[in-house]
Amino acid sequence: MTRTVPAEWSTHKAMWVGFPSHESLWEENLGPAQAEVAAVAKALAGLGGEQVRLLVDGEAAQAGAEQLIDGFPNIDIVAGRFGDVWLRDTGPIFLGPGEAAAFKFNGWGGKYILEGDEEVAALIAGGASLTRHDFVLEGGALDHDGRGTALTTRACLTNPNRNRGWRDDDAEQALATALGVRKVLWLDHGLMNDHTDGHVDNLARFVAPGIVACPAAYGQDDPNAAVYDAAARALAGFTDADGQGLEVVRIPSPGRCMSPNHRVIPASHMNFIIANEAVVAPIYDARAGAWAVEALEVLFPRHKVVGLPSRALITGGGSFHCISVHEPA
């Protein structure tokens, strides 16, 4: 059988996490974002049973990370150059121990071009065999069941600002060659105001073979209610690479979340990290977050589910899954 991307719930050798390091990108949110990421790293290394590799860029960032981590076990602070913390998109996609793939990165369709982002994949891959592919792809654009089925959105993957002229079959062929994907399940749209053009890791995630979680609207003014319902209907009609139907589980969304300048932000409980022994989920509203944690506890009975604030981190456009890369054991 062709090698394919392991499911995120498979055992990890390490979990890479990006630490906010550039004041020019974060401004007044740098300190709060660093504190949120340090809390995530500690949850992963503690309850999550992970060996965390916290990637920092620059002496000031390293000093800040060392102060916040304060010798917490199983966290290695790794110095390296990167554009920003979104390692899920700039880093490699592992196909197994010692084997990884890297892709072109164009700043989510030319929106944010930062020096250092092209270097991150090789840094994280380390001694693994790294195969580079000549097309644009971000890791957050895909979610995998470990058996050759991948979820994605057309709004992102076939957007002409990535690979001009791509149709569904072009993308499917590229993913089959690079990542061993046997079947692509296509959703249409992502969240409102998501600068990634609709990464699927904010919308729908495999939580076990044949089981997919996606949000249910929270509150009457949830701006993504129609997107959530359309995704759930589509998922219910899909079959995976083995021809089996999917079970769809709805998890409360955070509802309408606004930035300080009164703009809807793409906050999502779907941006959780599945660690070896825990699931770490971003929280934006206390009540909706508590319900989301309860729902995730049902889906992950063998994991501890931890909800942590992500209000500062989301100002940069992403959350916990976006800043992490899991390295298989």
Quick check: do [X] and [Y] have side-chain heavy atoms less than 4.5 Å from each other?
X      : Y      : answer
Val78  : Trp16  : yes
Phe272 : Val280 : no
Pro266 : Met192 : no
Phe320 : Leu308 : yes
Phe94  : Pro6   : no
Val184 : Trp186 : yes
Ile124 : Arg53  : no
Leu187 : Leu203 : yes

Quick one: do the [X] and [Y] side chains pair a donor with an acceptor below 3.5 Å?
X      : Y      : value
Asp197 : Trp108 : no
Tyr284 : Ser319 : yes
Lys183 : Thr239 : yes
His326 : Arg88  : yes
Asp170 : Asn163 : no

Write down the atom of [X], the atom of [Y], and the distance for their closest heavy-atom approach.
X      : Y      : result
Gln51  : Ile75  : NE2-N, 4.0 Å
Asn159 : Ala155 : ND2-O, 3.0 Å
Ala79  : Gln62  : CB-OE1, 3.8 Å
Ala65  : Leu54  : CB-CD2, 4.1 Å
Cys257 : Ala267 : SG-CB, 3.8 Å
Ala141 : Cys156 : CB-SG, 3.9 Å

Value rounded to 0.5 Å, distance of [atom1] in [X] from [atom2] in [Y]:
X      : Y      : atom1 : atom2 : value
Asp201 : Glu8   : CG    : CD    : 9.0 Å
Glu172 : Arg167 : CD    : CZ    : 11.0 Å
Ile323 : Asn271 : CD1   : CG    : 9.0 Å
Asn193 : Ser259 : CG    : OG    : 8.5 Å
Asn202 : His269 : CG    : NE2   : 11.5 Å

Hey, quick one: are [X] and [Y] part of the same hydrophobic cluster, counting side-chain heavy atoms closer than 4.5 Å, chains of contacts allowed?
X      : Y      : value
Val120 : Ile113 : no
Val249 : Ile273 : no
Val52  : Val56  : yes
Met270 : Ile314 : no
Leu157 : Phe105 : no

Heavy-atom count check: over 12 atoms from other residues, nucleotides or ligands less than 6.0 Å from His189 NE2?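 Open: at most 12 neighbouring heavy atoms sit under 6.0 Å from NE2 of His189.
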
Could you tabulate the donor-acceptor pairs under 3.5 Å formed by side-chain atoms of residues 207-221, not counting sequence neighbours?
none

Please tabulate, for the side chains in residues 129-138, all donor-acceptor contacts under 3.5 angstrom to protein atoms that are two or more places apart in sequence or on a different chain.
| from | atom 1 | to | atom 2 | distance (Å) |
| --- | --- | --- | --- | --- |
| Asp134 | OD1 | Lys104 | NZ | 2.8 |
| Glu138 | OE1 | Arg162 | NH2 | 3.0 |
| Glu138 | OE1 | His199 | NE2 | 2.7 |
| Glu138 | OE2 | Arg162 | NE | 2.8 |

Per the salt bridge (charged side-chain N to carboxylate O under 4.0 Å, His left out) rule, what does the pair list look like for [range], sequence neighbours excluded?
range            : result
residues 116-125 : Arg81-Glu119
residues 57-79   : none
residues 301-322 : none
residues 238-252 : Arg182-Asp242, Asp229-Arg250

Residue pair His12, Glu327: steps toward the side-chain hydrogen bond (donor to acceptor under 3.5 Å, both in side chains) verdict: CA-CA 6 Å; His12 307 150; Glu327 182 176 352; over 6 Å; no

Residues which pass side chain to side chain donor-acceptor pair (under 3.5 Å) with [X], listed by chain and number, not counting sequence neighbours:
X      : value
Thr158 : none
Trp9   : none
Asp188 : Arg154

Is it true that His22 and Phe82 have ring centroids separated by less than 6.0 Å? yes

Under the side-chain contact (heavy atoms from CB on, under 4.5 Å) test, residues paired with His144 that sit two or more places apart: Val5, Leu142, Ala150, Leu179, Val181

Trp86 vs Leu114, side-chain contact (heavy atoms from CB on, under 4.5 Å): CA-CA, chis, key distance, verdict: CA-CA 11 Å; Trp86 316 114; Leu114 301 173; over 6 Å; no

Verdict with supporting geometry, Val264 and Arg256, side-chain contact (heavy atoms from CB on, under 4.5 Å): CA-CA 7 Å; Val264 172; Arg256 178 177 289 268; 3.3 Å; yes

Distance-only, no hydrogens or angles: does the Asn29 side chain make a donor-acceptor pair with backbone N or O of Ala33 under 3.5 Å? no

Extract all donor-acceptor atom pairs below 3.5 Å that involve side chains of residues 38-45 and protein atoms in other chains or at least two apart in sequence.
| from | atom 1 | to | atom 2 | distance (Å) |
| --- | --- | --- | --- | --- |
| Lys42 | NZ | Leu68 | O | 2.9 |

Anything under 3.5 Å between a donor and an acceptor, one on a side chain of residues 286-300, the other on a protein residue two or more places apart or in another chain? List them.
none

Using the side-chain contact (heavy atoms from CB on, under 4.5 Å) rule, take Thr152 and Leu175 through it: C-alpha gap first, then chi angles, then the decisive distance, then the call. CA-CA 11 Å; Thr152 193; Leu175 295 180; 5.7 Å; no

Show, in sequence, the C-alpha distance, side-chain angles and deciding distance for Asn106 and Lys111, and conclude whether the side-chain contact (heavy atoms from CB on, under 4.5 Å) test is met. CA-CA 8 Å; Asn106 73 345; Lys111 300 180 186 70; over 6 Å; no

